[in-house]
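Positions are given from 1 along the sequence.
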Amino acid sequence: MAERTVSDLLVERLAQWGVDRVFGYSGDGVDPVMGALRRAGKPEFVQARHEEAAAFMAVGHAKYAGGVGVCLSTQGPGAVHLLNGLYDAKLDSKPVVAIVGQQASTVLGSAYQQEIDLVRLFGDVCAQFVQAAYTPEQVPMLLDRAFRAALATRSPTCVILPHDVQSAPAPDPHAHAHGVMVTSPGLRPAHVVPREEDLREAAEVLTAGERVAIMVGQGAYGAADAIVELADRLGAGVTASLLGKPVLDEALPFHTGVMGHLGTTASAELMRGCDTLLLIGTNDPWTEFYPKPGQARAVQIDIDGRRLGVRYPVEVPLLGDAAETVRALLDVVPPQAGRAWRDQVESWVRRWHEIAGSRAAAPAEPLNPQYAVRAPSGRLPADAQVAVDVGSVVYWYARHLRLPRGVPAHLSSTLASMGCGLPYGLAAKLAAPGRPQVVLTGDGAMQMTGLAELVTVAARWRDWADPRFVVCVLNNQDLAEVSWEQREMEGEPRFATSQRLPDVPYARYAELLGLRGLRVTSPQELDAAWDEALAADRPVVIDAVVDPAVPLLPPGQPAEKVRGMYAGLAAEDGPLARRAEAHLRRERADEGYDDPAG
């Protein structure tokens, strides 16, 4: 029998930490670990097409399945490729452990091939814990610390393993000597609730308000029912950060939808009109869409004390679990009289739904992207999962997609990195192969990583209990979000050389891989395509040819805030610019603005 190695011990330790799968790409720097994974048979190794995608998959696993996502790479270029996905984990506060190979410890410092100072490389992104192992005895201790740090701080951590350490004989697990640290796996979370006097003070602030707004973020998962009850007692309106969109049912008549630059007019009105603000598990950076400082008294709930009071001046910061803390508030917040504010909020919500419906139904050439993302609303199965890539598709997701209650949806929010959609979708599907998966992406993101990871979908879908995996590509041959940012923020015309994308036959590419592809250019075709895709016997790519002229308009902005858009469009020649200006004026009129000509 082969001698048990440090790599065998590492794989066993991963299983003891409850790791089901490891996402990565092989290389000589992790050959011993790969051998141990083969011998053990679990955790499952998931081969991505690129280490960046593997890191995104680890983040996606943490977001959809909970627990710690794990990614694995060789040294040098493989390690460098992990960084983008690990920064996604850091900025969206998700626990991920990266296991990275390194050249043999005897050559470190010699400028050897693929030698990089990995501790320094990962020092920022894995600031909570990054360590290299120099002896076999260190490895179980370092792995345990990496997992505990990742869970305790909701962040990525990293363990670096030189090749000779990986292949060394496993240390004695019962060693008892000076300088030997014997540790154990496992961490059980605690319930964290604020002190009673702090809860009472928060209740006094909330009940004193006449126009209460509640904003929920991803930290409010699991607190939906309690939040709705608290909102009813306070007569409050509710909005959500982008990451908080799936937390509450957006069909609630007082839910104004997503807040911020890509949010709704109703949320903008809620923030402008409130005199009291309750923030629950959110760290949303769009502070210009918050109430003006001094306008509203504020209470904030967050499990991470470092987040309290950093986005808005907070009178009562509450350190605690969102669900536990909101339930504790219900014990000290009595029902408030009066419906005037709630009635006003509900009128803004109804008006927004009218605006959104009108915008999605507006004619475009050939297809309105807002309708493309709105179309699956009402069609998504109750057990679906949704992954969203970054770009203009995020605006349409935030404003138009109605998620069934309990359907998870995730994206790279704070880092806002293109290329996350397919890796997220794959991680979600591998964690729940019996649930239908939907991925919404633009053509820029699809060309960046999506086409490659569609190969992974094609390689694995026959193993899934439910083969449905729908990828909807908004194909406008433009980096649309940046094009509109150039106009809005700089007042400059679209720079076609930088923004134009190659025309890729996404549907035909899917067919080439043995999947199904549907190219659509009209609303009627799109409706039929979504119905067909959600009933298909294999993954489907919907190639939705959409109009890049539809504006990415921030909600409720005065004329001077959109002047740059008009200036940029005026400097552009051709029918696309004239069509875009017409769309912009129509959507501004929807919000009640009559922008001056010229």
Closer than 4.0 angstrom, basic N to acidic O: yes or no for [X] and [Y]?
X: Arg350; Y: Glu354; answer: no
X: Glu204; Y: Arg200; answer: no
X: Lys94; Y: Asp88; answer: no
X: Asp527; Y: Arg379; answer: yes
X: Arg306; Y: Asp304; answer: yes
X: Asp225; Y: Arg405; answer: yes

State whether the side chain of [X] and the backbone N or O of [Y] hold a donor-acceptor pair below 3.5 Å, judged by distance alone.
X: Glu52; Y: Gly85; result: no
X: Arg233; Y: Val333; result: yes
X: Thr207; Y: Ala203; result: yes
X: Lys429; Y: Arg435; result: yes

Salt bridge (charged side-chain N to carboxylate O under 4.0 Å, His left out): which pairs involve [range], sequence neighbours left out?
range: residues 413-423; value: none
range: residues 474-484; value: Asp478-Arg494
range: residues 315-331; value: Arg297-Glu315, Glu324-Arg327
range: residues 387-404; value: none

Are side-chain heavy atoms of Tyr87 and Thr414 found at a separation under 4.5 Å? no
[X]: what forms a side chain to side chain contact (heavy atoms under 4.5 Å, CB included) with it, not counting sequence neighbours?
X: Arg311; result: Asn283, Pro285, Thr287, Tyr290
X: Ala528; result: none
X: Val314; result: Ala298, Gln300, Pro317

Please enumerate all residues that pass ring pair (Phe, Tyr, Trp, His ring centres under 6.0 Å) together with His255, with sequence neighbours excluded.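 Partners of His255 under the ring pair (Phe, Tyr, Trp, His ring centres under 6.0 Å) test: none.
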Would you please name every residue forming a ring pair (Phe, Tyr, Trp, His ring centres under 6.0 Å) with Trp396, sequence neighbours left out? none
Under 6.0 Å from the [atom1] atom of [X], do we count more than 12 heavy atoms belonging to anything else shown?
X: Arg586; atom1: CZ; value: yes
X: Glu196; atom1: CD; value: no
X: Arg272; atom1: CZ; value: yes

For Arg487, enumerate each residue passing the side chain to side chain donor-acceptor pair (under 3.5 Å) test, keeping only those at least two apart in sequence or located in another chain. Glu572
Restricting to salt bridge (Lys or Arg N to Asp or Glu O under 4.0 Å), what partner residues turn up for Glu485, sequence neighbours left out?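 Partners of Glu485 by the salt bridge (Lys or Arg N to Asp or Glu O under 4.0 Å) criterion come out as none, since no residue qualifies.
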Once side chain to side chain donor-acceptor pair (under 3.5 Å) is applied, what residue pairs with a partner in residues 540-561 remain, sequence neighbours excluded?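 Applying side chain to side chain donor-acceptor pair (under 3.5 Å) to every pair that reaches into residues 540-561, excluding sequence neighbours, yields Asn475-Asp543, Arg519-Asp543, Asp547-Arg579.
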Face-on cation placement of Lys63 at Tyr424 ring, 6.0 Å and 45° thresholds: no
Using 30° and 60° as the class boundaries, would you call the ring planes of His400 and Trp352 parallel, tilted or perpendicular? tilted
